[in-house]
Amino acid sequence: MTNETLLEVIGLKVHFPIRKGLFSKTVGHVYAVDGVSFHLRRGETMGLVGESGCGKTTVGRGILRLVEPTAGSIFFEGRNVLSLSQAGMKSFRCNAQIVFQDPYASLNPRMKIGQIISAPLHIHGIGTRMERRDRVKFLLEKVGLRAEHVDRYPHEFSGGQRQRIGVARALAIQPQLIIGDEPFSALDVSVQAQVINLFKNLQNEFQLSYVIIAHNLSVVRHISDRIAVMYLGKIVEIASSDELLEHPLHPYTVALLSSIPIPNPHLKRKRIILEGDVPSAITPPDHCKFHTRCPQRFGPCNQMDPEFREVAPDHWVACHLPFKKDDGS
């Protein structure tokens with residue numbers, strides 16, 4: 001891994017309009033992503049975690065412009081993705097691909113595996129027909145399947161095998177960045193470990209950079225160099241995996257970590273149960289979005305937005321608590 005920045009996301013917002021009435025008048029917005037910033041170094045794996053509905057999948061899709069961002073900037077190798085032309089986007093998508101969550105829904109049941117994996121090569125005009133077929137067979141073997149599987153249909157494979165096919169499709173045009181949208185969550189635990197190891201091996205061989213979206217911290221910790229924690233459309237903490245697990249600073253991160261089981265029947269972790277439900281993304285709380293559920297909230301929490309600050313080398317947090325004075329201010 002190098003210190004060279006491959007991807008930089010600055011103030012990313014994705015707001016979905018709510019329309020009602022005969023003329024589809026906009027009456028509000030869903031603030032799915034509301035000001036997300038982070039960077040990804042070349043060869044690095046960034047884990048993006050949080051509860052369901054926090055906006056992490058929308059961040060991934062927004063980076064690839066599968067949904068159009070409302071505001072912000074996305075720089076890939078120094079170029080702003082949001083200002084690219086149609087031809088520029090085609091070139092960008094040669095370098096950035098996605099592996100979807102559901103291996104059953106992400107593959108066309110009417111297409112053979114060879115057609116599915118070679119589709120990106122065909123779209124971008126890469127290679128002859130025979131060269132594409134050879135590339136498909138090579139990729140199938142790289143992801144742990146056999147070359148003769150090229151003429152089979154998706155229904156002939158298990159869930160883990162289908163996810164491997166999705167990985168092979170993402171690798172077809174030799175991208176630099178792969179966004180994994182919960183690529184392990186639909187798999188059995190034993191298969192999860194196999195696919196995680198596959199991701200690691202492919203990263204080393206093809207010099208890939210990953211953004212892995214997940215809600216399971218115990219899975220993300222094994223593959224990520226750094227972890228970003230999201231809550232209600234915002235990133236509340238970013239740190240290296242070891243730093244985040246050993247010294248979490250945001251109360252929401254602490255609560256998430258308390259839910260990870262300890263693989264020892266003689267040890268118990270004190271579970272932190274957050275009060276209330278996650279607020280609506282249509283009418284999120286003012287200022288700190290977590291203050292309505294935070295067990296350690298105090299004066300400034302519902303009066304001003306917490307600044308996203310670096311409190312230790314490469315450890316960033318958006319919370320008033322680490323800066324709380326003895327008098328409670």
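Just so it is clear, the structure is predicted and the values come from calculations on it, not from any experiment.
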Item to complete: Given side-chain contact (heavy atoms from CB on, under 4.5 Å), test Glu77 with Arg42 step by step and report yes or no.
Response: CA-CA 10 Å; Glu77 294 189 313; Arg42 195 177 296 275; 3.3 Å; yes
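- Val167 and Leu66 are assigned to two separate hydrophobic clusters, defined by single-linkage of ILVMFWY side chains at heavy-atom distances under 4.5 Å.
- Heavy-atom minimum distance, Leu249 versus Pro322: CB-CG, 4.4 Å.
- The shortest side-chain heavy-atom distance between Ser106 and Arg169 falls under the 4.5 Å cut-off.
- Checked by atom type and distance alone, the side chain of Ser240 pairs as donor or acceptor with a backbone atom of Glu243 at under 3.5 Å.
- By the criterion of side-chain heavy atoms lying less than 4.5 angstrom apart, applied directly or through intervening Ile, Leu, Val, Met, Phe, Trp or Tyr residues, Leu7 is not grouped with Ile178; the two fall into different hydrophobic clusters.
- Taking NZ of Lys56 as the start and CD of Glu51 as the end, the distance is 8.5 Å to the nearest 0.5 Å.
- Note on Val229 and Leu40: separate hydrophobic clusters, where clusters join Ile, Leu, Val, Met, Phe, Trp and Tyr whose side-chain heavy atoms are under 4.5 Å apart, directly or indirectly.
- For the side chain to side chain donor-acceptor pair (under 3.5 Å) condition, the pairs that include at least one residue of residues 6-29, sequence neighbours left out, are His15-Asp34.
- Looking only at side-chain heavy atoms (C-beta outward), Thr292 and Pro279 come within less than 4.5 Å of each other.
- Residues satisfying the ring pair (Phe, Tyr, Trp, His ring centres under 6.0 Å) criterion with Tyr252, sequence neighbours excluded, are Tyr231, Phe290.
- Proximity of Ile116 to Val136: side-chain heavy atoms (C-beta onward) are nowhere separated by under 4.5 Å.
- Across all their heavy atoms, Ser258 and Ala255 have their closest contact at OG-O, 2.7 Å.
- Contacts classified as ring pair (Phe, Tyr, Trp, His ring centres under 6.0 Å) and involving residues 85-120 (residues at least two apart or in different chains) are given here: Phe76-Phe92.
- Hydrophobic cluster membership is shared by Val99 and Ile117, with clusters built from Ile, Leu, Val, Met, Phe, Trp and Tyr side chains linked at under 4.5 angstrom.
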Fill in: Pair Gln101-Ser185, side chain to side chain donor-acceptor pair (under 3.5 Å): steps then yes or no
CA-CA 7 Å; Gln101 175 180 0; Ser185 64; 3.1 Å; yes
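- Of all non-hydrogen atoms in Ala96 and Pro175, the two that sit nearest each other are N-CB, 4.0 Å.
- Every side chain to side chain contact (heavy atoms under 4.5 Å, CB included) that Pro284 has, sequence neighbours left out, goes to Tyr31, Leu232, Lys289.
- In this structure, Leu217 is not a member of the same hydrophobic cluster as Ile212, with clusters built from ILVMFWY side-chain heavy atoms closer than 4.5 Å.
- Side-chain contact between Glu237 and Ile227: absent, with no pair of heavy atoms (C-beta onward) separated by less than 4.5 Å.
- A side-chain donor-acceptor contact under 3.5 Å links Ser37 to the backbone of Gly11.
- Once rounded to the nearest 0.5 Å, the distance linking CG of Leu208 with CD of Gln174 reads 10.0 Å.
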Practice prompt. I would like to know whether Arg297 and Leu321 meet side-chain contact (heavy atoms from CB on, under 4.5 Å); could you show each step before the answer?
Written response: CA-CA 8 Å; Arg297 60 182 177 268; Leu321 192 62; over 6 Å; no
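- Atom CG of Asp277 has 12 or fewer neighbouring heavy atoms from other residues, nucleotides or ligands inside a 6.0 Å radius.
- A donor-acceptor distance shorter than 3.5 angstrom exists from the side chain of Arg293 to the backbone of Glu275, with no hydrogens or angles considered.
- Ile165 is not listed as a side-chain neighbour of Val143, based on a closest heavy-atom distance of 4.5 Å or more.
- Taking each heavy atom of Ser118 and Arg132 in turn, the nearest pair found is CB-CB, 4.5 Å.
- Considering every non-hydrogen atom in both Leu171 and Arg135, the closest pair reads O-NH2, 3.1 Å.
- For residues 59-75, the pairs satisfying side chain to side chain donor-acceptor pair (under 3.5 Å) are Arg65-Glu68, with sequence neighbours left out.
- Counting Ile, Leu, Val, Met, Phe, Trp and Tyr side chains that sit under 4.5 Å apart, directly or through other members, Phe23 shares a hydrophobic cluster with Leu22.
- Residues in residues 88-98 take part in these side chain to side chain donor-acceptor pair (under 3.5 Å) pairs, two or more places apart or across chains: Asn95-Gln176.
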Worksheet item: Passes side-chain contact (heavy atoms from CB on, under 4.5 Å), Asn302 versus Asp286? Steps please.
Response: CA-CA 7 Å; Asn302 62 351; Asp286 293 330; over 6 Å; no
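- Between the CD atom of Gln203 and the CG atom of Asn201 there is a distance of 10.0 Å, given to the nearest 0.5 Å.
- Applying the ring pair (Phe, Tyr, Trp, His ring centres under 6.0 Å) test to every pair with at least one member in residues 167-215, sequence neighbours left out, gives these pairs: Phe184-Phe199, Phe199-Tyr210.
- By the 4.5 Å heavy-atom criterion applied to side chains, Met230 and Val59 are counted as neighbours.
- Between Pro154 and Ile113 there is a side-chain heavy-atom pair separated by less than 4.5 Å.
- Listed by chain and number, the hydrophobic cluster partners of Tyr153 come to none, as no ILVMFWY side chain reaches under 4.5 Å of it.
- In this structure, the side chain of His222 does not engage the main chain of Val219 through any donor-acceptor pair within 3.5 Å.
- Once rounded to the nearest 0.5 Å, the distance linking NE2 of His250 with SG of Cys288 reads 5.0 Å.
- Between the side chain of Gln163 and the backbone N or O of Pro183 there is at least one donor-acceptor pair closer than 3.5 Å.
- Residue Phe75 shares its hydrophobic cluster (ILVMFWY side chains chained together at separations under 4.5 Å) with Ile10.
- Residue pairs meeting the ring pair (Phe, Tyr, Trp, His ring centres under 6.0 Å) criterion with at least one partner in residues 117-136, sequence neighbours excluded, are absent.
- In this structure, Arg164 and Gln194 have side chains that are in contact, with non-hydrogen atoms separated by less than 4.5 Å.
- Across Ala172 and Leu139, no two heavy atoms sit closer than the pair CA-CD1, 3.5 Å.
- For residues 106-117, no pair satisfies salt bridge (charged side-chain N to carboxylate O under 4.0 Å, His left out), with sequence neighbours left out.
- The pair Arg162-Asp102 fails the salt-bridge criterion, with no side-chain N (NZ, NE, NH1 or NH2) lying under 4.0 Å from an Asp/Glu carboxylate O.
- To the nearest 0.5 Å, the span separating OG on Ser209 from CE on Met46 amounts to 11.0 Å.
- Note that the CG atom of Leu107 and the NE2 atom of His155 stand 12.5 Å from one another [nearest 0.5 Å].
- A donor-acceptor pair under 3.5 Å is formed between the side chain of Ser241 and the backbone N or O of Ser224.
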